[in-house]
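Residue numbers start from 1 in every chain, and the chains themselves are labelled A, B, ... in the order their sequence lines are given, proteins ahead of strands. All values reported here derive from a predicted model rather than from experimental measurement.
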There are 2 protein chains.
Amino acid sequence: MRAATLTTKDKILQAAAEIAMEVGPVHLSLDAVARRAGLSKGGLLYTFPTKAKLLEALVEHHVAEFDESLRMQEARRNHKVNSVVQACIEVYRAEFVLNEPEPSGILAAIANDPSFIDPIRRYNKQLLDRMKENSEDPTMALIAFLTIEGLRSLKLLDMDTLTHEDQIAAIDGLRQLFAPCDPDKPSQPAGG
Amino acid sequence: MRAATLTTKDKILQAAAEIAMEVGPVHLSLDAVARRAGLSKGGLLYTFPTKAKLLEALVEHHVAEFDESLRMQEARRNHKVNSVVQACIEVYRAEFVLNEPEPSGILAAIANDPSFIDPIRRYNKQLLDRMKENSEDPTMALIAFLTIEGLRSLKLLDMDTLTHEDQIAAIDGLRQLFAPCDPDKPSQPAGG
DNA sequence: TTGACTTTACCGTCCGGACGGTACAGTAAA
DNA sequence: TTTACTGTACCGTCCGGACGGTAAAGTCAA
């Protein structure tokens with residue numbers, strides 16, 4: 001039970017994601033994961049008894065991390081108008097700045113079994129509902145959601161379509177569209 | 001040399017994409033593709049000598065189809081401002097209405113070898129450049145590109161996050177943002 | 001129009017290797 | 001003594017791909 005350093009589980013998850021990104025999810029083998037994570041195959045199978053459990057953990061881990069970040073961002077905004085959209089933008093921005101190489105583990109999971117995406121499906125549906133409810137313009141909330149989804153998919157697929165500057169511009173553009181006090185949209189007082 | 005009916009190649013490509021979506025790209029086997037396409041494995045390997053060639057064709061086919069649709073839409077717009085963005089929106093809208101199950105073949109390709117995405121990478125980079133050049137507001141072009149990319153990624157991953165109505169709303173929202181004569185944006189005459 | 005040959009478009013079988021998973025004996029720290 | 005592994009050996013299955021064969025369609029000289 002390591003506390004401060006990286007858990008064995010985390011090391012395995014990270015290794016799996018890295019390998020998937022490098023050689024493609026199809027060629028993600030338990031042998032390779034064990035090797036990169038610095039343990040034996042026996043040790044890997046001790047931690048994750050099947051490959052499916054590993055992939056499941058990969059997805060769960062991803063959703064849990066996002067949700068945690070989102071809740072932290074939302075907590076600062078007390079359910080004000082557009083706060084969910086704004087929080088999403090900031091979470092993406094943060095994970096973009098940190099530039100974690102994790103998400104492609106999800107591709108590996110989906111590639112093995114499309115139903116592994118179900119938790120993300122459910123999560124995103126709820127998130128979108130909350131974004132729409134909390135927004136002054138549901139259609140713009142949709143566009144914001146899709147823009148972020150676009151950014152994340154480019155990362156997921158390791159696409160360098162947008163330069164670093166483009167990405168910053170896109171995020172800043174979104175931020176302005178959903179800024180707390182927007183002079184173009186006098187539908188709400190938007191105090192604070 | 002079949003003329004009117006579906007080519008053997010097309011049948012194979014379609015079969016491969018379908019299987020990939022159903023069982024996951026990892027479990028996309030040549031046997032299964034051959035079976036679904038209605039020929040033997042030998043016949044399949046006659047048409048595509050290796051699995052890699054099949055996957056490559058899957059990606060190429062996808063890019064080519066998109067490019068053809070895009071050029072047709074662009075041709076109607078004579079390089080007017082925002083015409084590239086508008087054309088993109090219409091192409092997405094058309095393929096959304098038709099609802100082709102094809103794109104997940106791309107996932108299969110990437111899952112086998114991430115470098116198979118390179119043609120798409122290159123294509124999208126050029127496309128984005130053209131969108132920015134042709135747009136009055138490069139940042140809004142970025143957001144449009146990403147929104148469409150978001151829609152496509154949801155389809156790629158077979159996510160039903162957006163309802164049919166949501167998707168229509170999103171497309172119509174985009175359309176309005178980049179409409180030929182937009183009263184909120186008096187930067188160009190935008191005749192026609 | 002017929003026979004000889006070529007090309008196209010497959011079929012069916014087989015093989016080597018990779019991979020997921022099992023089994024089990026050992027070990028070092030807590 | 002339990003926890004958390006290491007390391008090795010192995011099994012069964014699946015899969016990509018090579019290969020030999022073949023039936024039908026097309027080509028072309030006589």
### Task
Take the protein atom NZ of B/Lys9 and the nucleotide atom P of C/dT8, then report the distance between them rounded to whole Å.
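Taking atom P of C/dT8 as the reference, NZ of B/Lys9 is at 13 Å.
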
### Query
Between atom CD1 in A/Ile19 and atom P in C/dG20, what is the gap in whole Å?
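Computing the A/Ile19:CD1 to C/dG20:P distance gives 11 Å.
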
### Query
Are A/Leu157 and B/Leu127 co-members of a hydrophobic cluster defined by side-chain heavy atoms under 4.5 Å apart?
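Yes; tracing contacts between hydrophobic side chains, which count when under 4.5 Å, links both residues.
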
### Query
Cluster question for you: counting only ILVMFWY and a side-chain heavy-atom cut-off of under 4.5 Å, with indirect links fine, are B/Met72 and B/Tyr123 together?
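Shared cluster, no.
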
### Nucleic acid contacts of residues 29-41 of chain B, taken as heavy-atom distances under 4.0 Å to DNA chain D
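Going residue by residue through residues 29-41 of chain B, the ones with a heavy atom under 4.0 Å of DNA chain D turn out to be B/Ser29, B/Leu30, B/Lys41.
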
### Query
What parts of residues 44-57 of chain A reach DNA chain D, counting only heavy atoms under 4.0 Å away?
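Of all residues in residues 44-57 of chain A, the ones placing a heavy atom under 4.0 Å from DNA chain D are A/Tyr46.
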
### Message
Taking A/Asp67 first and then A/Arg71, would you say they form a salt bridge - that is, a charged N and a carboxylate O separated by under 4.0 Å?
### Response
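Result for this pair is yes, salt bridge flagged.
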
#### Entry: Side chain to side chain, B/Ile120 and A/Thr161, heavy atoms closer than 4.5 Å
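B/Ile120 vs A/Thr161: side chains apart.
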
### Message
Does any part of the side chain of B/Phe178, heavy atoms only, come nearer than 4.5 Å to the side chain of B/Met140, both counted from C-beta?
### Response
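Heavy-atom side-chain distance check passes, below 4.5 Å.
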
### Query
Side chains of A/Ser29 and A/Asp31: donor-acceptor distance under 3.5 Å anywhere?
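Side-chain D/A pair, A/Ser29 to A/Asp31: absent.
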
### Query
Is the closest side-chain donor-acceptor distance between B/Gln86 and B/Glu90 under 3.5 Å?
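No.
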
### Task
Ignoring hydrogens and angles, tell me if any N or O in the side chain of A/Arg121 forms a donor-acceptor pair with the backbone of B/Asp158 under 3.5 Å.
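Such a contact is found between A/Arg121 side chain and B/Asp158 backbone.
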
